[in-house]
K.L.:
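My questions will all concern the structure given below.
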Amino acid sequence: MSTPAEWIVKQPQGLLVKPASAYIDPMQPVEHAIITHGHADHARAGHKHVYATPETLAIMATRYGQDHARFIRPIPYRKTVDIGESTLTFYPAGHILGSAQAAITHANKTVVFAGDYKRTPDPTCEPFEPVDCDVFVTEATFGLPVFKHPDIRHEMKKLLSSLSLFPERCHLVGVYALGKCQRVLLALRDAGYEKPVFLHGALSKLCDLYIDYGFNFGELIAVSDVADLRTLAGEIVLAPPSALADRWSRKLPNVLTCMASGWMQIRARSKQRRAELPLIISDHADWPELLRTLQDVNAPEVWVTHGREDALLHQARKMGFKAQALSLVGYEEDDSS
Amino acid sequence: MKAFCELLDRLYFTSSTNAKSLLLQDYLRTTADPERGWALAIVAGTLETKLFTRSQLKDLMAERVDPELFAISYDYVGEMSETIAHMWPDSPQKAESGLPSLTELLDEFSSRSKSDKAEYLAGLLEHMTASQRWALLKIGTGGLRIGMSTRLVKRTLAEYGNVSIEQIEGVWHGLKAPYTELFDWLEGHTDKPDVSDRVVFHPLMLSHPIEQGELQSIVPDEWQAEWKYDGIRTQLVSRSTGKALFSRTGDDISHSFPDLLQDIEINAVIDGELMVYRNGKFGSFNELQQRLNKKKPSKKLQQTYPVAIVAYDALSIDGEDLTSLSLVERQSRLFSMLAQQKHGQIIPSPSIDFDDMDELAKLRQQASDDSNGNIEGLMLKRRASTYIPGRPKGNWYKWKRDAKVIDTVMMYAQRGHGKRSSYYSDYTFGLWDGNQLLPVGKAYSGFSDEELKKLDRWVRNHAVGRFGPVREVEKALVVELAFDSVHYSKRHKSGVAMRFPRVHRIRWDKPAAEADQLDTLKKMIL
Ligand SMILES: [Zn+2]
Ligand SMILES: [Zn+2]
């Protein structure tokens, strides 16, 4: 067992690292799971052993309860540990709080599973760190040249200028509960927005966790604590995307629907979401970032896990890398939660 | 044009018409002449010239990006302008402040040669953001669809100037970009512009489909019947200053019918139906279609399908406004004028007298039995009715012939099977329920191979989204479906289903907003 292609195999549960007897972000409960980050499609409950960063474990405990796994193994960034016949080191992935690339070394070869990642600066997490390796395993969620995500400050300006143009409308912003929500809150404060921000109930637990980690979001108020909802006219309300179109949002006054996601770049997608104000904010690498990362990491071999592989494979080969698609199924198109 | 690009983006995504109106008013208030006038023309769709072509764009793109990456991206995005907007290589420095004004932009494109245009276009795209590029490409290829109907634009202007929408209607077609006269009036600097001697379109009076209950109100003394001809509604404006032919929406279609216009020597505004007319006989709607949308019709085409106007109303004759006279009065003036014309290209459509409802029903039956399809039913008009633009209640009714038909809007398209598998040939159609469309049925048949190719091309050029094999299309094409009956159904969100719906006629000329309401279909349930 010398080449990585021999000791890393695709199984129905996910990618199995044979010398570690562990799966990376498995879709079903397994004995040993290495979890790159806390998004629900990567971090599932019910594994026996979980290896993850302390922040990721805290997120999982917040979501699933302390007993989501029998044994947990917190491993901070850049600390190397032995797992079976291999070693594991986590490096920051720049995706969300605690998100990690898993670098696994066996038989003198290192494979880096980048998980979900981005290169754009994000104050809620440590920046992505390129790691020397023989095989770089990348996502391709936004793996098309049409995806070039703008600066978040530009998108916040869009939101705030809409608020001044429509001061009587409640600006309801769809955000994923983990990562996007907190990043948007910090960006709003950074843009000088000082009024309280109102939160859908499903967002509060994770915001509290971030606050425990020392993040300051300014004043947050739960929508359920607001006695007269009409007072939310002209305010910013954050809610998970699923709440944008359901009964809950109908009780808000004169709603202007905003949606924060990398997909909002495609007009048809925004229309599908009925977003009147699409905010293009992504926690995944866009096309230029994907290419830059292939160059920075400069691994001779590139594997693409999930997303829009065709274009990225074509481009990676043009750039001189050996590239193949793993076509993993089961990961969401975006961070659904 | 930076502010205008931002406006277009906001209008595109905003669904509420009130909010759209506010956005546009805000822009008009904060933008100077003539810039805002050109912007208004683009939003209202009155700027007819295309700045560049899609093939010019494709050439520019081919020089810059990997064709394989472009193909993959285009397939994903499903829309050319947006794909190019995102894929155009970003230049290292953005010179956003250096974007030209709309006025400069239009000027540059109209004064440059073809190859110069391409170079200028490339230079612009170079320095734009993706959404600015999208706006420019949409403006330039004439494919901008931001959900601003002409009606909504007029409403916005009325609100902006605190005048009535009727006043806007009255001058709108007499004015041209950059509309400085209009803004001067709306902002109180001058009086309302006088457009009475301009060769302009006058908004039409439209009819309602008649319902069973309303038939009883049709009494012979007060009402008259006319044949409802199966052509296209047209307005002839002929004055000493010039002549023009307009479509029902006010598009100038004169260039397609030079043969009709050249011999007309009257001073009048006439409302009628444009028909193919050969040796004293009317041609079919299909024949008429050969003549539509032809920029420069060949001599041969003009001779094969000569046209005439079946005239049933006059808005003015010899400079006199007739719109406040009764229908009987207007028609008598019209017909006596027509009796004196030298050329027979304007044919009077006289009223048909009837003594009772039985007789009227027989007339309609006659229209239904008429197999050559020049007549699609009856028009019932109140004799005393004045000419009121829009769709006033209780004045004009249409009573279509038997085969039930309804004007729907295409919503989705899917590739067919077998030999049609390379064409989008299976369509889902919807009807208006308030301001949203609800699907009411699918149709796969009723069109010729020629029409299929045209429909397929239309779908590909107007696709906005993709759900697996299904393409969602812009809600812009009206298709008249024929069907045997309609009943309640729980399977559709609309609550109704048609039996044997088939494409009866593709209404390339009709705006989607004028397609039928869901209620109209529901009322056909027996
Ligand atoms: Zn994720
Ligand atoms: Zn993911």
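Chain A is the first sequence line, chain B the second, and so forth, proteins listed ahead of strands; every chain is numbered from 1.
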K.L.:
Flag yes if more than 12 heavy atoms outside B:Arg145 fall under 6.0 Å of its CZ atom; otherwise flag no.
P.N.:
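Enclosed.
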K.L.:
Are there over 12 heavy-atom neighbours, none belonging to B:Gln436, within less than 6.0 Å of that residue's CD?
P.N.:
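Above 12, so yes.
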K.L.:
For A:Arg274, is it the side chain, the backbone, both or neither that has a heavy atom under 4.5 Å from a heavy atom of chain B?
P.N.:
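Contact with chain B involves no heavy atom of A:Arg274 at all.
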K.L.:
What's the shortest heavy-atom distance between A:Leu144 and B:Ser73, and which atoms?
P.N.:
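Where A:Leu144 meets B:Ser73 most closely, the heavy atoms are CD2-OG, 4.1 Å.
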K.L.:
Verify the neighbour count for atom CZ of B:Arg29: are there more than 12 heavy atoms of other residues, nucleotides or ligands below 6.0 Å?
P.N.:
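Yes, enclosed.
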K.L.:
What part of A:Pro288 gets closer than 4.5 Å to chain B, counting heavy atoms only: side chain, backbone, both or neither?
P.N.:
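Neither; nothing under 4.5 Å.
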K.L.:
Would you say CG of A:Asp228 has more than 12 non-hydrogen atoms from neighbouring residues, nucleotides or ligands within 6.0 angstrom?
P.N.:
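Enclosed.
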K.L.:
Which atoms of B:Ala19 are under 4.5 Å from chain A, going by heavy atoms: the side chain, the backbone, both sets, or neither?
P.N.:
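It is both, since atoms from each part get that close.
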K.L.:
Which atoms of A:Ser162 are under 4.5 Å from chain B, going by heavy atoms: the side chain, the backbone, both sets, or neither?
P.N.:
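Backbone plus side chain of A:Ser162, per the 4.5 Å heavy-atom cut-off to chain B.
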K.L.:
If you take all heavy atoms of B:Ser15 and A:Glu276, which pair is closest and at what distance?
P.N.:
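Result for this residue pair: N-OE1, 2.9 Å.
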K.L.:
Considering only heavy atoms, which portion of A:Ile266 lies under 4.5 Å from any heavy atom of chain B: side chain, backbone, both, or neither?
P.N.:
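The answer is both parts of A:Ile266.
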K.L.:
For B:Arg64, does the CZ atom sit with more than 12 other heavy atoms under 6.0 Å from it, leaving out its own atoms?
P.N.:
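Enclosed: over 12 neighbouring heavy atoms sit under 6.0 Å from CZ of B:Arg64.
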K.L.:
Is the closest side-chain heavy-atom distance between B:Phe13 and A:Thr257 below 4.5 Å?
P.N.:
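Counting from C-beta outward, B:Phe13 and A:Thr257 never come under 4.5 Å.
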K.L.:
Is B:Leu22 close to chain A through its backbone or its side chain, or both, or neither, when contacts mean heavy atoms under 4.5 Å?
P.N.:
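Answer is side chain: those atoms of B:Leu22 sit under 4.5 Å from chain A.
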K.L.:
Out of A:Ser270, A:Pro150, A:Pro278, return the one with the most heavy atom pairs under 4.5 angstrom to chain B.
P.N.:
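Winner by heavy-atom pair count: A:Pro278.
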K.L.:
Is there side-chain contact between B:Thr14 and A:Phe166, with at least one heavy-atom pair below 4.5 Å?
P.N.:
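They are not in contact (no side-chain heavy atoms under 4.5 Å apart), so the answer is no.
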K.L.:
Could you measure the distance from the CG atom of A:Leu165 to the CZ atom of B:Arg10? Nearest 0.5 Å is fine.
P.N.:
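Here the interatomic distance stands at 6.0 Å.
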K.L.:
Counting only non-hydrogen atoms closer than 4.5 Å, does B:Trp88 touch chain A with its backbone (N, CA, C, O), its side chain (CB onward), both, or neither?
P.N.:
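Contact with chain A is through the backbone of B:Trp88 alone.
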K.L.:
Name the option with the most non-hydrogen atom pairs under 4.5 Å to chain A; the candidates are B:Asp26, B:Asp66, B:Val65, B:Thr83.
P.N.:
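Most heavy-atom pairs within the cutoff with chain A belong to B:Asp66.
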K.L.:
Please classify the contact between B:Tyr74 and chain A as side chain, backbone, both or neither, with a heavy-atom cut-off of under 4.5 Å.
P.N.:
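Contact with chain A involves no heavy atom of B:Tyr74 at all.
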K.L.:
Taking everything shown except A:Asp246 itself, do over 12 heavy atoms lie less than 6.0 Å from its CG?
P.N.:
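Buried by this count: over 12 neighbours within 6.0 Å.
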K.L.:
Kindly indicate whether the side chain of A:Arg267, heavy atoms from C-beta on, has any atom under 4.5 Å from the side chain of B:Asp9.
P.N.:
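Side chain of A:Arg267 against side chain of B:Asp9, heavy atoms only: contact under 4.5 Å found.
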K.L.:
Tabulate, in ascending numerical order, the residues of residues 313-322 of chain A having at least one heavy atom closer than 4.5 Å to a heavy atom of chain B, or enter 'none'.
P.N.:
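Under the 4.5 Å heavy-atom cut-off, A:His314, A:Gln315, A:Lys318 qualify.
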